Amino acid sequence: MLTRFNAFNAVSLALGIAFLHLPIALLVVFSFNESKLVTVWGGFSLKWYGALLHNEALLGAAWVSLKVAVTSSTLATVLGTLAGLALARYPRFAGRALFAGMVSAPLVMPEVITGLALLLTFVGLSLDRGFTTITLAHVTFTMCFVTMVVKARLAGFDRSVEEAAMDLGCSPFKTFFVITLPLIAPAVASGWLLAFTLSLDDLVISSFTTGPGATTLPMLIYSQARLGVNPQINAVSTLLLGVISAAVLLATVLETRANRRRERETAAA
Amino acid sequence: MTRSRSNPFRRVATGSIFWWLFIFALIPNAMVVMVSFMPRGETEFVELGLTLESYGKLLDPLYLQVFWESFWLATLTTLLCLVIGYPFAYIIGRAPRHLRPLLVLLVIIPFWTSSLVRTYAMMILLGTQGVINTALIALGLITEPLELLFTPGAVVAGLVYTLLPFMVLPLYASIEKLDVRLIEAARDLGARKLTTFRKVIIPLTMPGIVAGCMLVFLPGLGMYYVSDILGGAKTTLIGNLIQRQFLSARDWPFGSALSVTLTLTMALMLWAYVVAARRAAQKVEA
């Protein structure tokens, strides 16, 4: 029942992959449809993309999303890298168990709960809800993904170079920036990309932590999608998918390359 | 860089993360518990005080019904994902080695793709003038469009579609690690295919099965936008109920009580699993 890869397996595999990709492929195809009707092909056209450029609300939302994604993923990468380092390196410190639990909680917590918990906190702190609160919320929930990537990279990391640097009188800060960071750079970069895509995609946590004037792209897509299928939403979704797929692809390439190099190094050593 | 406790780098690293998590993870969750015991306010969202009123509301048959329906839908989604995802992951895990990275990438891309956009894509497929209805009418199989959208079935289809990658990836991880020699040994010793599957393959891939089920079931309770978009607000998940308390009904204590109950239920399920796994391990040792 295994090891052999026969025609039956190939067909099932193709069906599975079609199920995962067909609806998205249709969405992309219909975004280039001349006709306003979703299922009637009226010829190739870029008119819905053109219409996006005149849609002020949509451009505004895209800009908010981009600003939130860049700011939050950068902060999340700094914090996530430090957290990954702390968990991989320091087996004992005050509050480590709590720390590890809090880092991984967003992975299993339903987003609604994370969202409402942050909303209550922002109200409690009397922070004005808007761009800042969305960004803080995104840092918190994307950080754990960066932590995981960095922690995985640091497991099985040769520390002799770091120790040599320290023995030669390098300060801990300098050692981190000159030795450790360049070595884990691919993991940090792919962590940033993942945080960026998660932030760009997020609807639930943004909806809870937003305020007047801060509508993100997914929030706009959601409110439009509830009204029905609409060609402009097809177009903007296609663009969003393009950006996200590119980021994920890039992250995968970075990880694969780093892994290969590491394998070669271990093989050589 | 870590040898002494007084290492300033270490202090900065652990300190900054600790405080961030303290303010944005620990306090928020404590606030949810606190608010769930507070009375609903007239002018403000909550008033100071201590009450079990919000938990009392949970016993309202209307809400019990939502809990029951939501658990049922999430269970159905999980089972469907497992039934579709297991063979899928198994075939990828046993595919020729050079093909595997590409096949995994084909699952990873939807894994990271916005589930909102994926839910929206299902609308194109299921609508009255959607792709499925148009195709069936063109083929002459039906004359009137079927009502696919805005049904509980559409919600389940949407949940399965968006969550399937979350089932396949952990399953793949455990299937890929499977030692083929153990399966061959079972077959050589005369075990039939089904017996081998039941007694060898399933137990060995159990960690993947459990992780996959968790990653499908838990979001399946909360993804309110799937039931909003595909169910036309006719199907209410626990997520919808919570979201409404915060974003429209403005009953924050009740929304918090719902979240606390949901979290406790999930923790209870996890705990039951850990206990069951430990018992099973003890049985093996004995």
Side-chain angles (χ1 to χ4, degrees), chain A residues 1-3 5 9 12-13 16-17 20 23-24 26-27 30 37-39 79 82-83 85-86 89-90 93 95 99 102-103 105 108 110-113 116-121 124 136 140 162 166 172-173 175-176 197 201 203 207-208 218 221-222 225-226 229 233 237 240-241 244-245 248 252, chain B residues 1-2 7-10 13-14 16-18 20-21 24-29 31-32 35 87-88 91 94-96 105-106 108-110 112-114 116-118 120-125 127 129-131 134 164 180 183 193 218-219 221-222 224-225 228-229 239 242-243 246-247 255 259 263:
Chain A
M1 71 183 293
L2 58 139
T3 57
F5 194 63
N9 286 346
S12 323
L13 195 61
I17 287 172
L20 283 178
I24 289 292
L26 285 169
L27 171 90
F30 283 121
L37 292 165
V38 213
T39 44
L79 290 168
L82 292 176
L85 204 70
R89 288 294 164 73
Y90 314 138
F93 60 84
F99 185 99
M102 286 193 296
V103 170
V108 287
E111 286 169 317
V112 255
I113 298 186
L116 77 89
L118 285 164
L119 168 65
L120 292 179
T121 311
L136 289 172
T140 309
E162 278 176 9
M166 300 275 276
F173 285 95
T175 312
F176 173 75
T197 63
D201 266 350
L203 166 70
S207 305
F208 275 94
I221 295 178
Y222 174 59
R226 294 174 77 182
V229 177
I233 295 295
S237 301
L240 190 62
L241 287 175
I244 287 160
S245 308
V248 173
T252 314
Chain B
M1 81 201 248
T2 61
N7 179 339
F9 181 79
R10 174 178 166 161
T14 51
S16 56
I17 311 295
F18 185 83
W20 184 281
L21 289 171
F24 295 112
L26 196 69
I27 290 185
N29 286 301
M31 295 266 299
V32 177
V35 169
F88 191 33
I91 297 169
R94 296 285 150 224
L105 188 68
L106 284 172
I108 287 182
I109 291 179
W112 286 109
T113 304
S114 163
L116 171 67
V117 170
R118 278 154 50 76
Y120 172 72
M122 278 308 258
M123 256 184 124
I124 300 182
L125 217 62
Q129 296 179 319
V131 174
T134 315
L164 186 63
V180 184
I183 298 160
K193 282 184 180 175
L218 300 181
L221 294 171
Y224 63 82
Y225 48 94
D228 249 8
I229 293 177
I242 295 178
Q243 184 239 16
F246 280 87
L247 304 181
S259 309
T263 313

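All of these numbers come straight from a predicted model, not from anything done at the bench. Letters go in sequence order (proteins before strands), and every chain restarts at 1.
Note that OH of B/Y225 is 10.0 Å distant from OH of A/Y222, once rounded to the nearest 0.5 Å. To the nearest 0.5 Å, the span separating CD1 on B/I27 from OG1 on A/T121 amounts to 7.0 Å. To the nearest 0.5 Å, atoms CG (A/L116) and CZ (B/F246) are separated by 4.0 Å.
With a threshold of 4.5 angstrom between heavy atoms, A/L240 approaches chain B through side-chain atoms but not through N, CA, C or O. In this structure, the portions of A/I17 lying under 4.5 Å from any heavy atom of chain B include both its backbone and its side chain. For a residue to count as touching a neighbouring chain, one of its non-hydrogen atoms must lie under 4.5 Å from one of that chain's; by this rule A/T140 touches chain B with backbone and side chain alike. Only the side chain of A/V248 comes within contact range of chain B, judged by heavy atoms closer than 4.5 Å. Only the side chain of B/I229 comes within contact range of chain A, with at least one heavy atom under 4.5 Å from a heavy atom of that chain.
Counting heavy atoms from C-beta outward, A/T175 and B/F9 have side chains that stay 4.5 Å or more apart. Side-chain contact check for A/I113 versus B/V32: every heavy-atom pair is 4.5 Å or farther apart.
Options B/P28, B/P219, B/A13 differ in how many heavy-atom pairs under 4.5 Å they form with chain A, and the most are formed by B/P28. Considering only heavy-atom pairs separated by less than 4.5 Å from chain A, the leading option among B/L218, B/V35, B/L116, B/L164 is B/L116.
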